[in-house]
Undergrad: 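Have a look at this one.
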Amino acid sequence: MMAAVRADLSTRLVSDGLWELVAPLLPSFAARPQGGGTAPRDERAVFTAVVYVLTSGCAWRYLPESFGVSPATAHRRFSVWTEAGLWRRLHRAVLDELGARGALDWSSAIVDAASVRAKKGGSLTGPNPVDRGKRGSKLHVLSEAQGLPLVVAASGANLHDSQASARAPAGTLPCWHTG
């Protein structure tokens, strides 16, 4: 019974179609030459566990055992994949697939931003003009007409939305127009 529940949840979180996009993008596992270290795991199970944590808001330490992956392994792989740029490449692959299917609505684009406090500071912070100059960051999103995010970027809270595209690296905002 538990195996059937796990298989159903895994299929709902990571469909076969999504897995076909993800699998070639995952960094390859390299065993240590001296042996020991991290043992190979079922990559789809690990990816599914990571997707569960990211979409449910569950803390890593509370990852259900039914995924067959320890919380430490899931978090470690998430960190490695993030460092390797997996999420940006996966986002691009999903957009490419949807574009090839004609499933993106280019009739209009929506630009929005949200400011958040950044008490500890950091390189992407600035004085927030709507929060008495306290340090903050701004998250910028460009979406197509159905609300699918095309680009997500972060900046200091003092950067005006119209200026966000000017600071983006070349090629990251192919359809962002400010004028």
Side-chain angles (χ1 to χ4, degrees), residues 1-112 114 116 124 139-154 168-176:
M1 174 72 177
M2 187 55 99
V5 170
R6 181 175 35 194
D8 181 50
L9 181 60
S10 294
T11 303
R12 282 189 290 138
L13 287 173
V14 180
S15 67
D16 291 339
L18 176 58
W19 182 245
E20 287 178 20
L21 290 175
V22 172
L25 301 176
L26 293 175
S28 60
F29 171 78
R32 295 181 349 175
Q34 69 270 30
T38 305
R41 297 274 180 229
D42 174 16
E43 293 289 343
R44 186 169 183 168
V46 176
F47 185 78
T48 302
V50 169
V51 168
Y52 175 79
V53 169
L54 297 178
T55 59
S56 71
C58 170
W60 292 103
R61 68 180 170 268
Y62 297 127
L63 179 68
E65 291 179 13
S66 61
F67 284 98
V69 176
S70 75
T73 296
H75 185 264
R76 189 178 321 105
R77 293 288 174 89
F78 169 74
S79 298
V80 167
W81 293 340
T82 299
E83 183 90 11
L86 171 69
W87 309 112
R88 183 178 302 270
R89 290 192 328 258
L90 178 58
H91 183 235
R92 186 58 172 237
V94 168
L95 290 177
D96 288 346
E97 178 67 24
L98 291 172
R101 293 181 188 176
L104 296 175
D105 184 353
W106 294 102
S107 63
S108 63
I110 300 105
V111 177
D112 200 2
V116 294
L124 295 175
L139 305 175
H140 305 271
V141 178
L142 172 68
S143 300
E144 51 91 70
Q146 299 175 80
L148 183 72
L150 301 172
V151 178
V152 177
T172 60
L173 303 174
C175 55
W176 187 307

Undergrad: To the nearest 0.5 Å, how far apart are CG in Asp96 and CZ in Arg89?
TA: 13.0 Å

Undergrad: Would Leu139 and Val152 satisfy side-chain contact (heavy atoms from CB on, under 4.5 Å), going step by step from the backbone distance to the final call?
TA: CA-CA 7 Å; Leu139 305 175; Val152 177; 5.6 Å; no

Undergrad: Taking the side chain as every heavy atom from C-beta outward, state whether Tyr52 and Thr48 have any pair of such atoms under 4.5 Å apart.
TA: no

Undergrad: For residues Val53 and Cys58, report the shortest heavy-atom separation together with the two atoms involved.
TA: CG1-O, 3.2 Å

Undergrad: Less than 4.5 Å apart, side chain to side chain, heavy atoms only: is that true for Val50 and Leu54?
TA: yes

Undergrad: Tell me the closest heavy-atom pair linking His91 and Val151, and the distance in Å.
TA: CE1-N, 4.3 Å

Undergrad: Are Val141 and Pro149 close enough that some pair of their side-chain heavy atoms sits under 4.5 Å apart?
TA: yes

Undergrad: Would you indicate whether the side-chain heavy atoms of Arg76 and Trp81 approach each other to under 4.5 Å?
TA: no

Undergrad: Students often mix this up, so state it plainly: with edges at 30° and 60°, are the rings of Trp60 and Phe78 parallel, tilted or perpendicular?
TA: tilted

Undergrad: Got a second to check how far Leu13's CG is from Ser56's OG, nearest 0.5 Å?
TA: 8.5 Å

Undergrad: Going from CD1 on Ile110 to CG on Leu142, what distance comes out if it is rounded to the nearest 0.5 angstrom?
TA: 8.0 Å

Undergrad: If you apply the rule side-chain contact (heavy atoms from CB on, under 4.5 Å), what do you find for Leu18 with Val22, and how did you get there?
TA: CA-CA 6 Å; Leu18 176 58; Val22 172; 3.9 Å; yes

Undergrad: Atom CZ in Arg77, atom CD in Glu43: separation rounded to 0.5 Å?
TA: 4.5 Å

Undergrad: Report the residue from Leu98, Leu104, Leu95 that forms a side-chain contact (heavy atoms from CB on, under 4.5 Å) with Glu144.
TA: Leu104

Undergrad: Start with the C-alpha distance between Arg88 and Arg92, add both sets of side-chain angles, then the distance that settles side-chain contact (heavy atoms from CB on, under 4.5 Å), and finish with yes or no.
TA: CA-CA 6 Å; Arg88 183 178 302 270; Arg92 186 58 172 237; 5.9 Å; no

Undergrad: To check you understand the geometry: which heavy-atom pair defines the closest contact between Val69 and Ala74, and what is its length?
TA: CG1-N, 3.9 Å

Undergrad: Passes side-chain hydrogen bond (donor to acceptor under 3.5 Å, both in side chains), Thr73 versus Ser70? Steps please.
TA: CA-CA 5 Å; Thr73 296; Ser70 75; 2.9 Å; yes

Undergrad: Measure the shortest side-chain to side-chain distance between Pro71 and Tyr62 over non-hydrogen atoms and say whether it is less than 4.5 angstrom.
TA: no

Undergrad: Taking the side chain as every heavy atom from C-beta outward, state whether Asp42 and Phe47 have any pair of such atoms under 4.5 Å apart.
TA: no

Undergrad: Please determine whether a side-chain nitrogen of the Lys or Arg among Asp16 and Arg44 lies less than 4.0 Å from a carboxylate oxygen of the Asp or Glu.
TA: yes

